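All remarks here apply to the structure that follows.
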Number of protein chains: 2
Amino acid sequence: MRLIKRVIKLKMSTKGRYGLRAILDLAIRYTGEQIPLNVIAQRQDVSENYLEQVFSILKKSGLVISVKGSQGGYMLAKRPEQITIKMVLQALEGDISLVDSSNTTDLTDVQSFLNTYLWNRIDSEINMIIEATTLEDLVHEYQTMNESDSIIYYI
Amino acid sequence: MRLIKRVIKLKMSTKGRYGLRAILDLAIRYTGEQIPLNVIAQRQDVSENYLEQVFSILKKSGLVISVKGSQGGYMLAKRPEQITIKMVLQALEGDISLVDSSNTTDLTDVQSFLNTYLWNRIDSEINMIIEATTLEDLVHEYQTMNESDSIIYYI
DNA sequence: ATAAAAACTTATCGAAATAGTAGGGATTAG
DNA sequence: CTAATCCCTACTATTTCGATAAGTTTTTAT
């Protein structure tokens, strides 16, 4: 009778969260050397098997490359400043948007009004942040945070 | 072995979307008179039975009041300027936050870093919008939009 | 007094998504 | 050769979602 419209995403499942943690882990240790997944899984306290599925997606999206075989592992496919948070989240969570772009007809006025004046507005705020932030930005902030943490011990 | 952590919400299910549409519908026709649910359900193209469940929540949250019996219906419990989008969404979707506030221990550094520098930042952007926007604001914008629409026909 | 309208409540349900687990296959360094 | 590692697919338990359905209660209108 009525179209079934499911949840409009801007949720963050473990895929997105684990994946971002893992790829940031790679960025923090960015040396041009591959890192095996079990190391990342341990460091980030995530099931290795599950992380494999996540990295399968990241690889297909061209964000990481893999080296097979013994001593193999994963590394970033690009430099940290070339990978935005948005790229990572889009790969892992799909379309991140509070507006269902597939359904633009047969909306009530209130519905299309809310799309325009509320959901799209929120969407663009979020997009501003995640498009502007690269892995390098996060690495910098992460290192600054850790430095200021250790200063505390020396006071 | 490991804690099961489910999706961190900032998703918008039909509950939140239908509910906001419906309560905005009430705000647009805010007269101090109750409106029966089947009218709202028709106008907003939503299952009446389902909307009943949504309004049950809105009522428990003190956002609408009901008048039972024939000629009964629902109306806003407060004036439109006293109801923010956040109140509505929080009632219907629960805690809207990209950070799992129940779990603050045993986080990896990267995890707590991301909570602080990314997820919380996005959360506050969203909160700024939805806390600052009231139903009255939306009603105003809605009416302005519809006025400018009809001008087009007269050109 | 009765009938209709409406709020209210609860149970049930199928589909989809989630968060894994499990296990085997392919590839490569040493 | 073998161990390490990527890679792939199938399975599963649980939860959530979006309803539907069917009643019960309350009140107004006639």
Side-chain angles (χ1 to χ4, degrees), chain A residues 1-19 21-22 26 33-42 44-61 64-75 77 92-96 100 103, chain B residues 1-19 21-22 26 33-42 44-61 63-75 77 92-95 100 103:
Chain A
M1 171 211 181
R2 184 172 286 113
L3 286 176
I4 296 169
K5 298 159 198 168
R6 298 253 147 208
V7 170
I8 305 287
K9 285 219 278 185
L10 206 155
K11 69 183 178 318
M12 218 38 65
S13 68
T14 49
K15 244 181 205 155
R17 287 179 291 135
Y18 289 3
R21 266 155 74 186
L26 280 184
E33 290 279 294
Q34 65 272 16
I35 300 177
L37 209 52
N38 61 359
V39 173
I40 304 176
Q42 271 195 8
Q44 293 307 319
D45 188 31
V46 170
S47 146
E48 186 185 342
N49 261 319
Y50 190 50
L51 204 56
E52 273 178 354
Q53 294 173 40
V54 172
F55 268 74
S56 154
I57 301 173
L58 292 177
K59 197 192 164 184
K60 275 179 198 132
S61 312
V64 300
I65 53 180
S66 63
V67 179
K68 276 176 143 184
S70 184
Q71 311 303 311
Y74 287 96
M75 53 185 297
L92 296 169
E93 300 283 353
D95 184 31
I96 290 176
D100 180 8
N103 176 20
Chain B
M1 170 208 180
R2 183 172 286 111
L3 286 175
I4 296 168
K5 298 158 196 167
R6 299 253 149 209
V7 170
I8 304 287
K9 285 220 280 188
L10 206 156
K11 68 184 181 317
M12 217 39 64
S13 67
T14 49
K15 242 181 206 155
R17 286 178 293 136
Y18 289 3
R21 266 156 72 187
L26 279 185
E33 290 278 295
Q34 65 271 18
I35 299 178
L37 210 52
N38 61 359
V39 173
I40 304 176
Q42 271 196 7
Q44 292 308 321
D45 189 30
V46 170
S47 147
E48 186 185 343
N49 263 319
Y50 191 50
L51 205 55
E52 274 176 355
Q53 296 172 40
V54 172
F55 268 75
S56 156
I57 301 173
L58 292 176
K59 197 194 165 185
K60 275 179 198 135
S61 311
L63 296 174
V64 300
I65 53 181
S66 64
V67 179
K68 275 175 140 186
S70 184
Q71 311 305 311
Y74 287 96
M75 54 184 297
L92 296 170
E93 299 284 353
D95 184 32
D100 179 7
N103 177 20

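Note on naming: letters A, B, ... go to the chains in the order of the sequence lines (proteins, then strands), and numbering restarts at 1 for each one. Heavy-atom basis, side chains included; hydrogens, waters and symmetry copies ignored. Keep in mind that what you see is a predicted model, and the values were worked out from it rather than measured.
Nearest nucleotide to the Tyr50(B) side chain, out of dG18(D), dT5(D), dG20(C): dG18(D).
Here dC17(D) presents its C1' atom at 14 Å from CG of Leu92(B), a figure rounded to the nearest Å. As a whole-Å value, the separation of Ile57(B) CD1 from dC17(D) C1' is 12 Å. Separating the CD atom of Gln53(A) from the P atom of dC11(D) is a distance of 14 Å, rounded to the nearest angstrom. Lys59(B) has its NZ atom 7 Å from the P atom of dT9(C), to the nearest Å. Gln42(A) places its CD atom 11 Å from the P atom of dT5(D), with the value rounded to the nearest Å. One can place CG of Asp45(B) at 10 Å from P of dA19(D), the figure rounded to the nearest angstrom. In this structure, CG of Leu51(B) is placed 16 Å from C1' of dT9(C), rounded to the nearest angstrom. In this structure, Met12(B) atom CE and dG18(D) atom C1' are separated by 16 Å, rounded to whole Å.
Note on Ser56(A): nothing from the nucleic acid sits closer than 4.0 angstrom, heavy atoms only. When heavy atoms are screened at a 4.0 angstrom cut-off, Tyr74(A) is found touching the sugar-phosphate backbone but no base atom.
A pairwise comparison of heavy atoms in Glu52(A) and Leu37(A) identifies CG-CD2, 3.4 Å as the closest pair. Looking at every heavy atom in both residues, Asp45(A) comes nearest to Arg21(A) through O-NH2, 4.1 Å. Residue Met12(B) comes nearest to Arg17(B) through the heavy atom pair O-NE, 3.4 Å, listed as atom of the first residue, atom of the second, then distance.
Applying the 4.0 Å criterion to OP1 and OP2 of dA4(D), one finds that Asn38(A) has every side-chain N and O outside that range. Within the structure, every side-chain polar atom (N or O) of Lys15(B) is placed at least 4.0 Å from both OP1 and OP2 of dC17(D). Contact annotation: Tyr18(A) does not reach the phosphate of dA19(C) (side-chain N/O to OP1 or OP2, under 4.0 Å). Note on Ser66(A): every side-chain N or O is 4.0 Å or more away from OP1 and OP2 of dT5(D).
Between the side chain of Glu48(A) and the base of dT21(C), no donor-acceptor pair of N or O atoms lies under 3.5 Å.
Qualifying side chain to side chain contact (heavy atoms under 4.5 Å, CB included) partners for Gln53(B), counting only residues two or more places apart in sequence or in other chains: Tyr50(B). With sequence neighbours excluded, no residue forms a side chain to side chain donor-acceptor pair (under 3.5 Å) with Lys68(B). Listed by chain and number, the residues in a side chain to side chain donor-acceptor pair (under 3.5 Å) with Ser61(A) amount to none (sequence neighbours excluded). Under the side chain to side chain donor-acceptor pair (under 3.5 Å) criterion, Lys15(A) pairs with no residue, sequence neighbours left out.
Distance CG/Leu51(B) to CD/Gln42(B): 12.0 Å, rounded to 0.5 Å.
Using a 4.5 Å heavy-atom threshold, the side chains of Tyr74(A) and Ile65(A) count as separate.
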Where do N or O atoms of nucleotides 22-24 of chain D meet protein N or O atoms at under 3.5 Å, pair by pair?
| residue | atom | partner | partner atom | Å |
| --- | --- | --- | --- | --- |
| dA22(D) | N6 | Asn49(B) | OD1 | 3.3 |

* Asked: How does each nucleotide of nucleotides 25-30 of chain D score, in 5' to 3' order, for protein heavy atoms under 4.0 Å: base (B), sugar-phosphate only (S), or none (-)?
  -> -BBBS-
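Residues Glu93(B) and Ser13(B) have side chains that bring a donor and an acceptor to within less than 3.5 angstrom of each other.
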